[in-house]
Structure formats: structure tokens, C-alpha cells
There are 2 protein chains.
Amino acid sequence: MSSCDSCIVRNSAICAALDSAEVEALNTLGRRRRLAAGESIIWEGDESVLVANVIEGVLKLSAGTEDGREQIVGVVYPSDFIGRPFGGTTRHSVTALTDANVCVFSRADFDSFAQDHPALEHKLLKRTLTELERTRDWMVLLGRKNAEEKVATFLLDISARLVEPGCEAPSGVPLGNFDLPFSRQQVADILGLTIETVSRQMTKLKRDGVIDLPSRRAVIIRDRTTLEDLAG
Amino acid sequence: MSSCDSCIVRNSAICAALDSAEVEALNTLGRRRRLAAGESIIWEGDESVLVANVIEGVLKLSAGTEDGREQIVGVVYPSDFIGRPFGGTTRHSVTALTDANVCVFSRADFDSFAQDHPALEHKLLKRTLTELERTRDWMVLLGRKNAEEKVATFLLDISARLVEPGCEAPSGVPLGNFDLPFSRQQVADILGLTIETVSRQMTKLKRDGVIDLPSRRAVIIRDRTTLEDLAG
DNA sequence: CGAGGCCTTGAGTGTCCTCAAGTCGCGTGG
DNA sequence: CCACGCGACTTGAGGACACTCAAGGCCTCG
């Protein structure tokens, strides 16, 4: 029996394209791996040797300039796919933000399995198209929004994302209170700001009664409408 | 006989995945369309009704904030694919920057044709993965680079891009001189800057002898090494 | 309970934006 | 052929927003 049968993302990850015999075959190629918060699984510039599905936890994709400035270029959640199939090198690091659980494949194995299973490639294509759209949307934030708009947009985005399968109660309604899986520095690296600016904007939103910050990582959205207005 | 046989991007667009009988079938679904510079073919927020291959010309993908600030989120060249297959709405406008020539399909037709031709989907997947990587790289520029670094990076990127099939002599060597397919405003919208800042940085590069600007759209890279240093 | 890291807050600076005027290039028409 | 007008670009002056540098406070975890 395949361990995939009990996998909590079995029906939402790209594996959902496969029937049980195919999942069984894929299962022999992959293995589970635990990652501690802060641990990296893929490094910017390295040869692309593995790909994976996220089962549990939150991970960041990041890249930096030569002199060490970092930009987080993506955040992945359970059922998301990571790594670069069909390509030589990976241009972005992948690092766990929380303790995480992933299902890892060698890239070569995955590539050839995928080529033989068009339904799997189709799922991956749809997922990649959606991710590309999301990434392009984020470019508007990075290029054209000011600090207040960036932070407001970020909080709304996160509250919607954390509802998705495997993260929290799957009610479909954006959460009004949640714990950020990010430090202030990481929020800054997502928004293209400094840590101080993020802190000041969060404090301002709290002072204005739009959000509440009961602890370092916790956020409560008190006035979603205002937050949406501020998001630009 | 299919008009695709004489298509100049026949072997570089995703159509290269198809044999001649398949191309013939796809040909019956598509039609050529000319676009004048400035003309849009897809609008942000509209239902996704068509997709296309770029045959000739340069087009921009853009999105904006509610109050009218614009960000260019992608630039497409001959053999690139545009539109949103397998999805309800398009989140980004597509507008011709030069006179252009595209090969248009109804999204529904394309979707079902693609589902029946895994090799086509595979090509599209590879292309989409590459585009996602490129877009993420651009996020580092938007989020973490200063004006000088942005302009320097932009000039290097463009000079490499304009060498690609269908644009210029396909020598494989980045061009030292070329005509920008963008106005100053469009460059600003790509880099997340204002038109004045772009102008000042270009002037500065010229004053320092790194580039030359013989006319409004023309650029000559005089000192590529320095430009690469400035790109960060 | 103490230490250390993370976060907040403050003061001052610099980069890029805004607003405004001026110049250049190009097409049109006299 | 030149005058004209328009749009695109350049240049300048001033200001705002986010950054830098620095100190202090607060969790959190050992």
C-alpha cells in the first residue's frame, strides 16, 4: 500500500491527476522528508537535482543581489510544487519558514515520469500558469505601491492564503486572525522594504484600529474594509 | 498547404512540438492578426477568450492599481506565447509596442487541442516554467535594486533579448547597439520608476561614457563590463 | 530569572518623486 | 524650404518617503 493514500494533499497536489496505480508508481520514486524551520532544500544557482511537493508547512523562494540584499520571490504552501523540472539550474533558493514536510523526487526521475503521464503535466502546467499570474500581480506591488499599501496588501493576501488546504480550517472565508509564518525581516524581504519600515507601518495600522497585534507573530484584522482601501 | 509552413517562428514557438499533420489541424483553428503599435489584444480583468503566439513584434503585459499607476509585468517577443489557457479571466493586459503579427486561437479551441496533444502542453509547460523564473528574477530588481542598477540591468537584459529569433541577426552575441522598442515612460513602467528618473540615469550613463544615445530610441553600449558592474 | 534575539521607536539623511519649465525631434502645412 | 506645433524627452528645484544608524524595550526560551 502506498503511503500516498494517507497523504493529506493527495487530492490537491498535482498527484490528484493520477489514478491509484500511477500514484503507486510515483510513490516508488519519491520519499518523504522533514525540514526544520530555517533549513534549505534547494540553493540558488545549483544544478537542479530535485523537485518536491509540499505536504505541510510554509517555505520561501528567494534570490539575492551579489552584495547580499535578499528578495523573497515566492511563498509556497501545502500542495504546492517546488523545484525546476526540465531545466539545468535552479535560480532560486527554497527554505523552510516553519517546520515542514515535503515529498521529494529526483528531478531526472520526475521528468521522465511526467513525460509519460500527460495528466500530471497538465496539472503542473495549470499550477505553473496560476503561479506566474500571481507572481506578476506581485510585481505591481513591488514596482508601484508605497509602504502602507504594501503592508495592507500583504496582510490581506496572507489571510486569504492561510485558509487554503492544509494550513488552517478550510472554511473558505479569509481569516480575521492568524499567526504570520514570517519574521519582520522576512516580511520586509517579501515587500521590498526594510524591517523598520514594516514595523512602523504595522504599528500605524494598529494605532489606527485597523489591525491588532497581540503578540509578535499574531495578527487580528479588525477592519477588513479599511485594510482593503489602504491596499490600493 | 498550411500557412504555418512558412511561419518564421514555426520551429521556435510551441508549435515545434507538432508534426506536420498536427500543425495542419492547429492551423484550421488559428488565424493571423496584425496589430498596430499601441493596440491591445487582451484586457486586464476580461474573460479569457483568446490565446496567441507572437510571430513578429514586441508586446507588453501590464497591470495597474485602481488609481491608474501602471506596471509592466512582462515583455513578449516573437515565438512567445500570450494569454491565459485553462483559466477564467486574464489578469494582465496585452498591448503591442511595435507593429506586430500574432497567431490567434480561441481559448476554448486551444484548450481542447492542447489536452489532446501532450507534446504541445509539454512545450508550453517548459516555456511557462522559464517565464516564471524570469519573472521572479525581475522581482529582485523591483524590490531591491536602486535606480542606477535598474537601468543598467534593463539595458543588458534588452540587448540580450533582442538577439533572439525573429528580432535581429541571430548571432547569439548580445547586441552592442539597438533600438529600444520602448518609450521612456514604458521603460519607467518596466522598472518601477518615473520617467524623469529613467531619463536622468540614462543621461548619467551617457555622460560617464558607458553608453551612447544617438537618438531617442537608439542605444549603444560602449562599455559592457562597467554596465555589468553597475547592474549589481 | 537571565540572556539573547527580535522588534519597536527615534533622529537624521539620501534617493527618488513631484511639479515645472525648457529643449529637441519630427511631421504638417504654408 | 522653413515655420509651426505637438509630443517626447531632458533638466532643474524642492520635498516626501523610505532608508540608515542607533538605542531601547519586550518576548521567549533556556
Side-chain angles (χ1 to χ4, degrees), chain A residues 36-38 65 67-71 97-99 140-155 179-208 211-220 230 232, chain B residues 36-38 60 64-65 67-71 97-98 141-155 179-208 211-220 230 232:
Chain A
T65 57
D67 61 339
R69 287 168 284 174
E70 178 171 329
Q71 177 67 45
L97 296 176
T98 62
D99 289 345
V140 178
L141 175 141
L142 289 176
R144 292 298 183 206
K145 290 191 177 180
N146 64 28
E148 181 174 50
E149 293 170 324
K150 282 180 176 181
V151 170
T153 306
F154 169 76
L155 291 173
D179 271 22
L180 288 176
F182 312 105
S183 68
R184 290 290 185 272
Q185 182 60 63
Q186 285 160 353
V187 175
D189 290 339
I190 290 172
L191 298 177
L193 296 172
T194 58
I195 186 173
E196 296 94 331
T197 299
V198 172
S199 182
R200 276 186 254 271
Q201 292 299 331
M202 299 272 275
T203 303
K204 182 165 178 294
L205 288 173
K206 178 179 178 177
R207 208 167 45 228
D208 296 349
I211 63 172
D212 204 2
L213 303 168
S215 74
R216 288 191 164 169
R217 295 288 184 115
V219 177
I220 299 172
L230 293 175
Chain B
K60 66 170 183 178
T65 57
D67 60 338
R69 287 168 283 174
E70 177 170 328
Q71 177 68 43
L97 296 175
T98 62
L141 175 142
L142 289 176
R144 292 298 183 208
K145 291 191 176 179
N146 64 29
E148 181 174 51
E149 292 170 325
K150 283 180 175 180
V151 170
T153 306
F154 168 76
L155 291 173
D179 271 21
L180 287 177
F182 312 105
S183 68
R184 290 289 184 272
Q185 182 61 61
Q186 286 160 351
V187 176
D189 290 339
I190 290 172
L191 298 176
L193 296 172
T194 59
I195 187 172
E196 296 95 331
T197 299
V198 172
S199 181
R200 276 186 255 270
Q201 292 298 331
M202 299 273 274
T203 303
K204 182 165 177 294
L205 288 173
K206 178 178 179 178
R207 208 167 45 228
D208 296 350
I211 63 172
D212 205 1
L213 303 168
S215 75
R216 290 193 162 168
R217 295 287 184 116
V219 177
I220 299 173
L230 294 175

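Here is how names work: the chains are called A, B, and so on, in the same order as the sequence lines, proteins then strands, and each is numbered from 1.
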Without swapping roles, check the side chain of [X] against the backbone of [Y] for a donor-acceptor pair under 3.5 Å.
X      : Y      : result
B:R144 : A:L193 : yes
B:T203 : B:S199 : yes
B:R184 : B:R216 : yes
A:D189 : A:Q71  : no
B:D212 : B:P214 : no
A:Q201 : A:V198 : no

Worksheet item: How many angstroms lie between CD in A:E148 and CG in A:N146, if you round to the nearest 0.5 Å?
Response: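 Reported to 0.5 Å precision, the distance equals 6.5 Å.
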Rounded off to whole Å, could you give me the [atom1]-to-[atom2] distance for the [X] and [N] pair?
X      : N      : atom1 : atom2 : result
B:Q201 : D:dC9  : CD    : P     : 17 Å
B:M202 : D:dT11 : CE    : C1'   : 15 Å
A:E148 : D:dA16 : CD    : C1'   : 14 Å
B:F182 : D:dA8  : CZ    : C1'   : 17 Å
B:Q185 : D:dG7  : CD    : C1'   : 13 Å

Fill in: Outermost DNA chain C nucleotides near chain A [under 4.0 Å, heavy atoms]
C:dG5 to C:dA11
Fill in: Trace of the side-chain contact (heavy atoms from CB on, under 4.5 Å) decision for A:L213 with A:V219
CA-CA 5 Å; A:L213 303 168; A:V219 177; 4.1 Å; yes
Practice prompt. For B:K145 and for A:S199, find the nucleotide of DNA chain C with the closest heavy atom, then tell me which residue's nucleotide is more 5'.
Written response: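 With B:K145 and A:S199 compared, the 5'-side residue is A:S199.
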Discussion item. With each end axis built from five pairs of C1' atoms, what bend angle do you get for the helix from C:dC1-D:dG30 to C:dG30-D:dC1? Round to 10°.
Written reply: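 Here the helix ends are tilted 40° relative to one another.
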Discussion item. Tell me the closest heavy-atom pair linking B:P181 and B:T98, and the distance in Å.
Written reply: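 Closest approach of B:P181 to B:T98, heavy atoms only: CB-CG2, 4.0 Å.
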Fill in: Summary of protein contacts for nucleotides 19-28 of chain D, nucleotide by nucleotide, where a base hit scores B, a sugar-phosphate-only hit scores S (4.0 Å, heavy atoms)
SBB---BBS-
Discussion item. What verdict does the side-chain contact (heavy atoms from CB on, under 4.5 Å) test give for A:T197 and A:K150, after you've listed the backbone C-alpha separation in whole Å, the side-chain angles of each residue and the deciding distance to 0.1 Å?
Written reply: CA-CA 11 Å; A:T197 299; A:K150 282 180 176 181; over 6 Å; no
Discussion item. Could you go through B:E149 and B:L230, starting from their C-alpha distance and side-chain angles, then the distance that decides it, and tell me whether this counts as side-chain contact (heavy atoms from CB on, under 4.5 Å)?
Written reply: CA-CA 6 Å; B:E149 292 170 325; B:L230 294 175; over 6 Å; no
Worksheet item: Reckon B:T203 touches a base, only the sugar-phosphate, or nothing at all at heavy-atom distances under 4.0 Å?
Response: sugar-phosphate
